[in-house]
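These notes are about the structure you will find just below.
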Number of protein chains: 6
Amino acid sequence: MLIPSLVVFSLLFVSSFASVQDFCVADLKQSDTPSGFPCKDPKKVTEADFVYSGIGKAGNTTNLIKAAVTPAFTAQFPGVNGLGISIARLDLAVGGVIPMHTHPGASELLVVIEGTICAGFISSANTVYFKTLNKGDIMVFPQGLLHFQLNSGKSSAQAFVSFGSAVPGLQITDFALFANELPTELVAATTFLDVAQIKKLKGVLGGSN
Amino acid sequence: MLIPSLVVFSLLFVSSFASVQDFCVADLKQSDTPSGFPCKDPKKVTEADFVYSGIGKAGNTTNLIKAAVTPAFTAQFPGVNGLGISIARLDLAVGGVIPMHTHPGASELLVVIEGTICAGFISSANTVYFKTLNKGDIMVFPQGLLHFQLNSGKSSAQAFVSFGSAVPGLQITDFALFANELPTELVAATTFLDVAQIKKLKGVLGGSN
Amino acid sequence: MLIPSLVVFSLLFVSSFASVQDFCVADLKQSDTPSGFPCKDPKKVTEADFVYSGIGKAGNTTNLIKAAVTPAFTAQFPGVNGLGISIARLDLAVGGVIPMHTHPGASELLVVIEGTICAGFISSANTVYFKTLNKGDIMVFPQGLLHFQLNSGKSSAQAFVSFGSAVPGLQITDFALFANELPTELVAATTFLDVAQIKKLKGVLGGSN
Amino acid sequence: MLIPSLVVFSLLFVSSFASVQDFCVADLKQSDTPSGFPCKDPKKVTEADFVYSGIGKAGNTTNLIKAAVTPAFTAQFPGVNGLGISIARLDLAVGGVIPMHTHPGASELLVVIEGTICAGFISSANTVYFKTLNKGDIMVFPQGLLHFQLNSGKSSAQAFVSFGSAVPGLQITDFALFANELPTELVAATTFLDVAQIKKLKGVLGGSN
Amino acid sequence: MLIPSLVVFSLLFVSSFASVQDFCVADLKQSDTPSGFPCKDPKKVTEADFVYSGIGKAGNTTNLIKAAVTPAFTAQFPGVNGLGISIARLDLAVGGVIPMHTHPGASELLVVIEGTICAGFISSANTVYFKTLNKGDIMVFPQGLLHFQLNSGKSSAQAFVSFGSAVPGLQITDFALFANELPTELVAATTFLDVAQIKKLKGVLGGSN
Amino acid sequence: MLIPSLVVFSLLFVSSFASVQDFCVADLKQSDTPSGFPCKDPKKVTEADFVYSGIGKAGNTTNLIKAAVTPAFTAQFPGVNGLGISIARLDLAVGGVIPMHTHPGASELLVVIEGTICAGFISSANTVYFKTLNKGDIMVFPQGLLHFQLNSGKSSAQAFVSFGSAVPGLQITDFALFANELPTELVAATTFLDVAQIKKLKGVLGGSN
């Protein structure tokens, strides 16, 4: 006679806790908040919300940098919203490079899946830390510091980079300086670069002014 | 005439900020703190502190679970101390399984490198979310919830799992219940398992009492 | 003549700060966010929002575990939303037990109000820490670790358990494993439990598959 | 022959994770840090570190306020260090009062154990929220706001107050203003209180200047 | 031939990251959340959202305290929402005083722009720390502790105070005690002040009961 | 007879809470931790620990950038350790510029004290937000994003910049790229800058390789 009473207990008990927040799959149609997007109705969440196949294929590296970054941040993979973790895939063809950049919102941890990658970062004290990484090696890049990765081998390379935030951000220095309407004179004044150099890169990257 | 003055400026400027904290490589000989280990002297930090090769090789899967977990947390890779990120490698031979477990301190993000993995987690509302993952698929496991991974394919499988903490912790339910001196009667009273079942698993996993 | 000017000052001053956020009583009708529910209009908040009587009475312990957990988390007591604290009441009849469980989102602090309780937790290193507690004793259970409480005395027992989060969560291991549709073969593969044992508990707890 | 291999696995596996941080019992002899005290050597930690009996007895209420606060913060109960939770016991004789005070570091959740308590807090907008609480009622006091508790019944009262921090702090307004060497003229200038009133309370509370 | 391909790359690349959260300008019309207000549509954000001129002019000091506080918190300057920083301007005429107060949500850093200011705070241990500050001096006031500032010079004084939160809050002790309907008997019981003193200040500050 | 008993109460009460952490003045001789430096013995802390005069005077702007940054971070002002706030002074002679830079650890809030400053930042989406600021204007710069300030007026300018961290960090892009031993070929590969341009700036800023 013990079984029925436990079943009753079980059902009541579960319903008491039904609104506990284990996860918060992003409802991207609502406004974002400082802690992430509002949650999709938990009753409509399925296993598909926690799985993503979008970084399973190599990105297109037939471009100038011969490389591709394929992110799985909240915008692409709403299941990580609020969970403090995200990932991206790096593909580098021979000669490929992920240009100097920062992630304003998180530290990064890279693991080499294939090939040879020269990676490094620069500290606030302007010290450079860089090393050649082989398959299976990992490297950590502290939050907000300039860093880069380039294929230093003779075949294509691949890596996964994880972040301690669902929205780590990405600011590529060249794009920030040369791919927008920031006036050439302001770029020159704040970087000491020659005007000709700036205009050349603005031309390449689509900037104006 | 411009160069000397800037050099002077540069040197002064850099020294002003020399003690800024970009990173905090763990000095494992000092006592831990709630926020992580005290920092190794920044002057003695080199690029080697940020790179680790210990998860580059497959773990030994010739054991009962036909699987291995190889972590790169602060204890193994002091460079991640304080940076809110870490990683581990999973190797699963045919039939291999990472038993039901939790990470008390962080959410987990898995990416399949090779093979086919059936992975899932259970929410506080006791709902089960599980799916079969192929190479390149990712899945996120919210902090603190029971989850598992098993090789559901016909060849060996490999995955990397990232965590939003340098010390995510790992509690394997079976080891917690059966691999220590927790008295059988307490296990029975708190899990409803039969005493014979408990004694059998204590025998296998090395528990006593 | 001093009074009028101060009154004016006072009124202006207060209105300047009227939108400061001291609290954020949950508006449970809106979507949850990673930091908690959106706030009820502060103008409609009254003292009733900060007081709750729902844990004043003993829970019903006429069930298999001879125990009851009565929570005052955000879902039951919206006043704690965003404040990083919550509480629950434990009632244990003679022989009662709160089964092995975890709180994914917070550490717990128990204070015995009545009776004698044997309580314990298991660390990531599989070390067991347990002790018999008497009236007025307190015990702390670190976040995310398996723990349990059982009435080890000859009369009923009562305790209050506080949490460092408004939504600590609760995952009872048995319910997670046996009270849902997680296939028996998956439970067996990931827990090493015998199939007969699993089926028996699924029967008791209402699970299927 | 399966058992030996699993035992080997188990032992190796456990040692891999031995340094994971589940808890950080305070070593009060070392210097504090912004996140709490450095941790006692985990190998020397026992169940006694997680249990405390110091709030089991009523505090001495034979004093002017006819009340006593008995804390179990990190200083008294090192087991809560780093875990974001702590507790204190309130005892109020008939007519007893916990004077107007704040906790700079955490919100508070009070549960009445015995008697009748009138409790309240004041918001930044100077709105007052107060109510009479009976046995089993709970009330939450948002972080940093002025609040008070007083025995409004005809018998002694008792309560437990929990905090979402191991070091919530406690600043009793009267003691801050009148129990130290803050010059009377500064108290007068910053509180608008009459000098005679200030001198009277300085006399009672042991202040000077 | 290289330019066109990079332009294409650039455009694709940028769009991939368009939803990254760099900032979250408050949409004050939506409900607040524990982490701050929901974000204004990023496409409608302009440089005007990050600039504010409201603290450029001296506040009106022709009042009893001969002082003014002009805040730039989220309510006045939505651009700081979610960014963990805010500021206010203090103007003190000769004899002016910012009365004893606390900020429940953040530490404060004051910099003297003009004049001479005597500033201080009181710790939980009731120790007083106060000093006379001159132009260019800075002083830090730890979160939640009672503090004050008064013009101790012979000319008007000005300061800027920064906070490590966009919503630091402000509770002026006198207004909390005397500018509302908190019953005189409760104020007397919880502060030990004489009833006549309380009634006098309630009269001045507009309180009742 | 009431006074003596309260004095006794007061003394006991204060000692009970003597170890509460209100602040944590940095002991810079001990090792840093991820949450900041260990605390100086609270008994040796005086008001001098919370006051700093080092940013009261203009920095030396007789250098190439005609500007100076004078910080009051933990290294210069140990009183802010652990309090989540810090400040720096900017002095810009006519034509002065604070070059393009980031703060990896905090958002920044600038207030113009004197003169006219053109300030701006660039988002992850490469959108530029910049504006001319006059005396009393404030501008906020979100964490980790590239930003700059330059004197756009005809007289010297001064500003204070506050940060929501005691160790915000500072990475000046030019110094990171050109003032160290990062090989020219790596700079070229990761920034697309011409080798001649890189060598020129390395020469000016003291870099090698």
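Bear in mind that the values here come from a model prediction, so they are computed numbers and not experimental data. Order of the sequence lines fixes the chain letters, A, B, ..., with proteins taken first and strands second; residue numbering starts at 1 for each chain.
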I would like to know whether B/Phe148 and C/Thr191 meet side chain to side chain contact (heavy atoms under 4.5 Å, CB included); could you show each step before the answer?
CA-CA 10 Å; B/Phe148 62 90; C/Thr191 64; over 6 Å; no
Quick check: closest heavy atoms across B/Asn126 and C/Ile172, and the distance to 0.1 Å?
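The pair with the smallest heavy-atom distance is OD1-O, 4.5 Å.
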Give the minimum heavy-atom separation between C/Ala189 and B/Leu150, together with the two atoms involved.
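For C/Ala189 versus B/Leu150, the nearest heavy atoms are CB-CD2, 3.9 Å.
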Which atoms of B/Asp174 approach chain C - backbone, side chain, both or neither, heavy atom under 4.5 Å
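Side chain of B/Asp174 only, per the 4.5 Å heavy-atom cut-off to chain C.
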Is it true that atom CD of B/Glu185 has more than 12 heavy atoms of other residues, nucleotides or ligands lying nearer than 6.0 Å?
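Atom CD in B/Glu185 is not packed in, count stays at 12 or less.
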Ignoring hydrogens and angles, tell me if any N or O in the side chain of C/Gln143 forms a donor-acceptor pair with the backbone of B/Gly144 under 3.5 Å.
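Looks like no, no N/O pair under 3.5 Å.
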Expected output: side-chain C/Gln197 to main-chain B/Gln197 donor-acceptor under 3.5 Å
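Not a single qualifying donor-acceptor pair exists.
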Heavy-atom pairs under 4.5 Å with chain C, option from B/Thr173, B/Leu193, B/Leu145, B/Leu177 with the top count
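Top option by heavy-atom pairs under 4.5 Å: B/Leu193.
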Partners of B/Cys118 by disulfide (SG to SG under 2.5 Å), sequence neighbours excluded?
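For B/Cys118 there are no disulfide (SG to SG under 2.5 Å) partners, ignoring immediate neighbours.
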Those residues of residues 90-111 of chain B, ordered by number, that approach chain C below 4.5 Å (heavy atom to heavy atom)
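Residues in range: B/Val97, B/Pro99, B/Met100, B/Thr102, B/Pro104.
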With chain B, which of C/Thr127, C/Leu186, C/Asp194, C/Val128 has the greatest number of heavy-atom pairs at distances under 4.5 Å?
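Maximum pair count with chain B is reached by C/Asp194.
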